[in-house]
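Naming: A, B, ... by sequence-line order, numbering from 1 per chain.
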Amino acid sequence: TVGAVALDIHGNVAAATSTGGMTNKKHGRIGDSSIIGAGTYANNATCAVSCTGHGEPFLRAVSAYDISCLMEYKGLSLEDAANYLIHEKMKQDHLQGEGGLIAIDHQGNIAITFNTVGMYRGYRRSGEKEHIALYK
Amino acid sequence: MSNFAIVVHGGAGTITPDLYTAEIEKGIRDTLFEAVEAGYFLLREGEVAVNVVSHVVMVLENSPFFNAGKGSVFTNDGTHEMEAAIMNGANLDAGAACAVKNVRNPIVLARKILEKSGHVYLHGKGAEEFGRLYHVAFEPEEYFFDQFRYDEWRKIKASNTYRLDHSKDNAKKFG
């Protein structure tokens, strides 16, 4: 799975996610990536999110939209919302969701959060150098 | 905070270093760098976020190192079935496609669905047909072949299990 989130100079955010799914999948199985609100979501008022990992728990938790809701209705920061979803909610027995997400809010704060051994990731903010990383 | 920024990912999971060579790891890092820089320069020129994320994901889909587009994993019947979505925070416009085959860049198809279809989500043959209407690029099966992915698939093909794209041996049971 691959994804990107961006904040442009006009204050807009956007999210995109693309995947080949799971090795050996059958019966037309699809995951969270292409489901708006689960693997991909964007709203200028809150954030843009792209998720990756085990699609079924991310679908069931409506994960990407959940981040936006935690910000909009509970006033959490982007980072706190991402940490809660990935490190608490996804760890609950009935979800057990392995994976991570990238997110950005309309102020340019970013979250790169995952509960697995690694996540291929990179980012660059205006006026800064790029950051690329694979492992924890 | 920043007045513009780009963030990308190439998948999460149990990345097992012994599964790939220094050459593959360099390929992954170089492609992530290429994607981040492409996005950064578009944003710096004032490009809107929805065009930037579409372009950046295309860069990653065109690499064999990631499970999307060219590097997609094998399905149980030995094909490649892809899915993608894009969403614009400015107006909540969205486009998505799933269960599509032979589409070079599924994110381009999702973007056309956002712009031209009047729908949000198209699937399978109908989505492919819509893509052909708007000259989305298609590729033969060979384009999506990758020996590393093929070997991973062969290991579990006969089993009733599946695997995430970055998992060691945590193949999971269906159902």
Row check, B/Tyr40 ring normal vs A/Arg124 NZ/CZ: under 6.0 Å, within 45°: yes
Quiz item: cation-pi between B/Arg44 and B/Phe4, 6.0 Å / 45°: no
Say whether, by atom type as modelled, one donor and one acceptor occur between the side chain of [X] and the main chain of [Y] under 3.5 angstrom.
X: B/Lys157; Y: B/Asp77; answer: no
X: A/Asp105; Y: A/Gly108; answer: yes
X: B/Asn67; Y: B/Val73; answer: yes

Interchain contact, [X] with chain A, by part (heavy-atom threshold 4.5 Å):
X: B/Val100; result: neither
X: B/Val48; result: both
X: B/Ala110; result: neither
X: B/Val56; result: side chain
X: B/Phe41; result: side chain
X: B/Glu47; result: backbone

Over 12 foreign heavy atoms within 6.0 Å of NE2, B/His123: no
Closest heavy-atom pair and its distance - A/Thr40, B/Ala85: OG1-CB, 3.8 Å
Heavy-atom closest contact (A/Ile86 atom, A/Gly99 atom, distance): CG2-O, 4.1 Å
Verdict with reasoning, A/Ser33 to A/Thr17, per side chain to side chain donor-acceptor pair (under 3.5 Å): CA-CA 6 Å; A/Ser33 301; A/Thr17 313; 5.8 Å; no
If you count heavy-atom pairs within less than 4.5 Å of chain B, which of [options] leads?
options: A/Ile36, A/Leu101, A/Ile30, A/Asn115; value: A/Ile30
options: A/Asn12, A/Thr46, A/Val13; value: A/Val13
options: A/Ser34, A/Ala15, A/Ala14; value: A/Ser34

Top contributor to chain A contacts, counting heavy-atom pairs under 4.5 Å, from B/Pro106, B/Ser72, B/Gly39, B/Ala84: B/Ala84
Heavy-atom pairs under 4.5 Å with chain A, option from B/Gly71, B/Ser54, B/Cys98 with the top count: B/Cys98
Report which part of [X] has an atom under 4.5 Å of a heavy atom belonging to chain B: side chain, backbone, both, or neither.
X: A/Ile112; answer: side chain
X: A/Ile104; answer: side chain
X: A/Cys51; answer: backbone
X: A/Ile9; answer: both

Within the 6.0 Å centroid threshold, strictly below: B/Phe65 and A/Tyr120: no
